[in-house]
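Working notes for the structure below.
The structure displayed is predicted, hence computed values, not measured ones. Below, chain A is the first sequence line, B the second, and so on; all start at residue 1.
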Amino acid sequence: MMELSEQELIRRQSLQELISMGINPYPNEPFDVNVKTTQILNQYDDEKKNFQNVSIAGRIMSKRIMGSASFAELQDEHGRIQLYLNRDELCPGEDKTLYNTVFKKLIDIGDIVGVTGYVFITKMGEITIHVKTFKLLSKCLKPLPIVKEKDGVLYDAFTDPEQRYRNRSLDLIVNPKNREIFKKRTILVNTMREFLNERGYWEVETPILQPIYGGAAARPFKTHHNALDITLYLRIANELYLKRLIVGGFDGVYEFSKDFRNEGMDRFHNPEFTQMELYVAYKDYFWMMELVEEMVERVAIALHGTTQVRVGEHVIDFKRPWKRFTMYEAIQHFTGVDISNMNEEQLRQTARSLNVEIDETMGKGKIIDAIFGDLCEPNLIQPTFITDYPIEMSPLAKKHRIKEGLVERFEAICNGKEICNAYTELNDPIDQRQRFEEQLLLARRGDEEAMMLDEDFLKALEYGMPPTAGLGIGIDRLTMIMTNQPSIQEVIFFPQMRPEKRLVPDEPEKFEQLGIPAEWVSYVQKSGYLTIEMLKQANPNKLHQELCGLNKKHKLNLINPTLDEVKSWVEKVSKS
RNA sequence: CGGUCCGUAGCUCAGCUGGUAGAGCACGUGACUCUUAAUCAUGGGGUCGAGGGUUCGAAUCCCUCCGGACCGACCA
């Protein structure tokens, strides 16, 4: 049990007082809510005198007490509304306890209450609920950070990212705007799902635990299944399973999936993240580009009512059609160099002359990708399709129908970052086997991200997969763009964090066994020796002085332990 | 993994070239029947992230560690 702060102790006392008054701080019965804050704020009409019988619940976010009248603010999911409470109206008889004691003293900021009353407008012009009854629905035992606002400026805002991510509930309470980001994320997903369902594609589920991971170039998380005694991996993509379903006769399947990659974390990467993968039979990547444009445009409209979205300092317009470049065209456009007919050595020289960092292990494909990634991608702000990638980087994509050495692949780049990746899928099982074997060679050369050969997947392809277009779209990154957030942690409720190191104090009994008087134990711990293990290293002189100091400072009126007694505690713990 | 910066009360932060830990909000007590960052009076609250070093004396200077932010490297 962590030591409670003064304010937490006071709240627990209030809790006890409420209970002793016969008020259940955590009642079971439902509370009927017949209106939301925003409905009142948007629709109240002082002439019509509507909302004269409201019942509403939420969290108390501020209190302004003026003797026998008070104002408070109630926050529900949608917004905040002011409450007005009047002592003599709330307590018409002699007994003013409900107002004087329960509301003024025992209801704290953060408590969840239900109120009934009628709506009016104060002299200052604010729409307010005149409270006739109120009921405590849940007591809040921790003090909330108090965020104040005037003229749109926040004061004392709770903004520290670490605390906000580690304590997301609190973040969402005191920064209600952050709830809107996550609501937008849900709307984004719902919009995509509706779009895909309308077209008759099937939402399916495929394994997260996979004996062979594949479908992307990444390092996996590894785990173990006890009953089967085998290694399993958390999926890095679901491509290979969804394609098996296309082989099985589904013409269109998609999955919103959590994928896992055991790699670095930064503002664009979380170890677990969400992708939507879609596979449609009898289509190719040109067709898929049109689907992506249409779907993302629709998401933008669903979220903003327009195709134009402000992202950082840019306004990004998702209106169809998007610009298209082949990768070679993009490189020529941004560097002025035509690399389309270069061999590996020429590419290497080009990269050096453009100041792109490359190393000797890089093949043709990786060099081209490095040039593109360094010099083109960051400049692509408006949504742009980049097509026709080098074959070396795309072992699951079909060879280009015309251009040698390329595959039919595109990525959509937006705000300098990839938002999706798609191919005309490779359905030739002989070619696919060769590509896997090339990956095995890379793996042997030390490429930790090279793909594993998946015999079961190849077997499925050998039964015949129809020509298929496939798409993977990063939901987190799309949400970042659509909600104008600079960091992935802002669009994931509970981003991965390094666990907080927390020392668990030992039980008081353990200290008492050393001969430490019970009344002194908490002060020994307060002096910094939370566990008896820590006491082993203690300097008895220092501890003795600290304890006597605490006794004096807090006027504890305890009998100071002698120095010899303190020494004996430390000796005893050292022997144990 | 490298560079820069940060960690002080429940929250937001100040604390200079080392010298008795500060403010606002929040909290306690009192006043106040239309306030709204309510106001007025008054009071309590701190292992100054952890450990070590220098010093008569460290929140402050030095070292190590922990946690975090930003930038870069690596990575889809």
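- Residue A:Lys105 has no polar side-chain atom (N or O) positioned under 4.0 Å from OP1 or OP2 of B:G28.
- At distances below 3.5 Å, not a single donor-acceptor pair connects side-chain atoms of A:Asp151 with backbone N or O atoms of A:Val153.
- For A:Arg166, a side-chain nitrogen or oxygen approaches OP1 or OP2 of B:G68 to under 4.0 Å.
- Among the atoms of the strands shown, base atoms are found under 4.0 Å from some heavy atom of A:Glu377.
- Across all strands shown, B:A9 has no partner, as no Watson-Crick or G-U wobble contact with both distances under 3.5 Å is found.
- Figure legend. B:G51 is base-paired to B:C63; pairs are counted as Watson-Crick or G-U wobble with both atom distances under 3.5 Å.
- Using a 4.0 Å heavy-atom criterion, one finds that A:Lys104 contacts no nucleic acid atom at all.
- Judged by centroid separation below 5.5 Å and plane tilt below 30°, A:Phe71 does not stack onto the base of B:A38.
- A:Glu73 contributes no side-chain N or O that forms a donor-acceptor pair with the base of B:U36 under 3.5 Å.
- Here the side chains of A:Phe71 and A:Glu126 are not in contact, with every heavy-atom distance at 4.5 Å or above.
- A donor-acceptor contact under 3.5 Å links the side chain of A:Glu6 to the base of B:G44.
- Backbone-only contact: A:Arg267 has heavy atoms under 4.0 Å from sugar-phosphate atoms and none from a base.
- Within 4.0 Å (heavy atoms only), A:Gln163 reaches sugar-phosphate atoms of the nucleic acid but no base atom.
- B:U36 is unpaired under the Watson-Crick or G-U wobble criterion, no partner having all donor-acceptor distances under 3.5 Å.
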